[in-house]
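Order of listing sets the numbers, starting from 1, for every ligand and every atom in it.
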Amino acid sequence: MLHQLVLLYAAGSSPPQNLITTALLTMLTDDRFGSGLFSGSLSTQDALDEVLFNDPPMANYCITYPRLPVLLGDVWLPAHQPVVISMAACNHDPDIRTGDLTGNRSHLAFSTGPHACPARTLGCLIAHDAIDQLLDRIPEMSLAVAAPDLVWRPGPFHRALAALPVTFHPNAPTRHR
Ligand code: HEM
């Protein structure tokens with residue numbers, strides 16, 4: 001039970017958080033999404049798809065242990081040794097990046113096979129809703145630092161902003177009925 005709780009907490013909190021912040025960064029810095037966030041032609045869903053393709057929240061993971069030595073290209077993967085798979089590198093394979101990627105969801109951001117993420121739909125829904133609610137409350141948000149000055153958390157697995165500093169005008173509190 002403890003292992004299940006730790007797995008669910010780790011798998012269910014950090015990747016959606018990273019998806020939200022990286023997609024927001026894309027929307028704040030890429031003119032195709034409109035400098036004013038609402039004037040662009042591409043949507044929140046397009047930003048999520050692009051991030052999942054170009055900058056997936058789990059950049060490298062899906063550790064696997066070959067039962068026998070496997071020849072991959074001209075490299076032997078020894079048996080019983082961990083192999084870390086780079087979903088980010090797979091997604092950048094020039095053979096699959098042909099034409100316009102808008103709306104293309106043939107990425108490996110959620111892995112594949114028996115241990116693929118069981119919450120693909122849920123994770124996208126959480127991120128989509130979080131971004132839309134945030135932009136609904138503070139549509140005039142803009143980045144507080146130059147994009148190259150943003151700090152990314154260190155680590156071999158995740159692609160995670162340490163923070164996404166933004167500026168916005170204070171609004172009156174929203175009243176919920
Ligand atoms: C939205 C962004 C998310 C991304 C990019 C993502 C990505 C991934 C990836 C790449 C794996 C495969 C790990 C592996 O093969 O070793 C995975 C597994 C998993 N994810 Fe997600 N995930 C996300 C959201 C979530 C959420 C919201 C939950 C739970 C509520 C969740 C629960 C899990 C669980 C339990 C596994 C392990 C599945 C297994 O080992 O059979 N994920 N996720």
Side-chain angles (χ1 to χ4, degrees), residues 1-30 33 37 42-70 72-73 75 77-97 101-137 141 147 150-164 166:
M1 177 61 83
L2 185 63
H3 284 158
Q4 290 298 314
L5 287 173
V6 170
L7 170 67
L8 259 181
Y9 181 76
S13 57
S14 189
Q17 181 185 328
N18 300 337
L19 180 57
I20 291 165
T21 46
T22 314
L24 260 177
L25 173 63
T26 304
M27 297 177 86
L28 289 167
T29 52
D30 189 328
F33 296 91
L37 287 172
L42 296 181
S43 64
T44 305
Q45 186 60 56
D46 293 322
L48 293 176
D49 288 342
E50 273 206 19
V51 167
L52 289 166
F53 221 112
N54 294 333
D55 225 353
M58 298 296 301
N60 314 300
Y61 202 53
C62 306
I63 297 158
T64 185
Y65 294 78
R67 289 185 196 152
L68 299 168
V70 175
L72 192 68
V75 176
L77 305 179
H80 313 303
Q81 295 299 312
V83 177
V84 180
I85 296 173
S86 174
M87 284 81 82
C90 294
N91 290 351
H92 280 271
D93 182 344
D95 283 349
I96 61 161
R97 295 177 69 93
L101 286 180
T102 307
N104 188 335
R105 293 182 192 156
S106 62
H107 53 71
L108 286 177
F110 294 95
S111 187
T112 186
H115 288 284
C117 182
R120 182 178 180 139
T121 309
L122 178 66
C124 287
L125 192 66
I126 292 169
H128 197 299
D129 209 36
I131 291 173
D132 281 355
Q133 290 213 29
L134 187 61
L135 297 183
D136 202 30
R137 299 286 195 281
M141 197 191 326
L150 287 167
V151 178
W152 296 84
R153 283 170 51 204
F157 302 125
H158 52 232
R159 176 66 172 157
L161 279 164
L164 183 64
V166 294

> Nearest non-hydrogen atom to atom 27 (C) of ligand 1 belongs to which of S14, A116, P16?
Replying inline: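 Comparing heavy atoms across S14, A116, P16, the nearest one to atom 27 (C) of ligand 1 lies in P16.
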
Just need the protein heavy atom nearest to [atom], so name the residue and atom and give the distance.
atom                    : result
atom 30 (C) of ligand 1 : L122 CD2, 3.9 Å
atom 13 (C) of ligand 1 : Y61 CD2, 3.6 Å
atom 16 (O) of ligand 1 : C62 CA, 3.3 Å
atom 7 (C) of ligand 1  : A109 O, 3.6 Å

> For ligand 1, which atoms, with element, lie under 4.0 Å from some heavy atom of M87?
Replying inline: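 The list of qualifying atoms is 10 (C).
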
I'd like to check [X] versus [Y] (side-chain heavy atoms, cut-off strictly below 4.5 Å). Are they in contact?
X   : Y    : answer
C62 : L108 : no
L48 : L19  : yes
N91 : P56  : yes

> Quick check: does any side chain N or O of H80 sit under 3.5 Å from a backbone N or O of Y65, one acting as donor and the other as acceptor?
Replying inline: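 Not a single qualifying donor-acceptor pair exists.
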
> Are the side chain of D136 and the backbone of Q133 linked by a donor-acceptor contact shorter than 3.5 Å?
Replying inline: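 Such a contact is absent between D136 side chain and Q133 backbone.
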
Contacts of [X] that satisfy side-chain contact (heavy atoms from CB on, under 4.5 Å) - sequence neighbours left out:
X    : value
A162 : V151, R153
R120 : R105, H107, F110
D95  : D93

> When you check the side-chain N and O atoms of D132 and T44, is any donor under 3.5 Å from an acceptor?
Replying inline: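 Side-chain D/A pair, D132 to T44: present.
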
> Any luck finding a side-chain donor-acceptor pair between N54 and R159 under 3.5 Å?
Replying inline: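 Looking only at side-chain atoms, R159 and N54 do not form any donor-acceptor pair under 3.5 Å.
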
>> Under 4.0 Å, counting heavy atoms only: does A127 come that close to any atom of ligand 1?
In response: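 A127: no contact with ligand 1 (<4.0 Å).
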
> By residue and atom, what protein N/O/S atoms are less than 2.8 Å from atom 21 (Fe) of ligand 1?
Replying inline: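 Near atom 21 (Fe) of ligand 1, below 2.8 Å, one finds C117 SG.
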
>> Please check whether H115 reaches ligand 1 - meaning an N/O of the residue sits under 3.5 Å from an N/O of the ligand, judged on distance alone.
In response: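 Yes, at least one N or O pair falls under 3.5 Å.
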
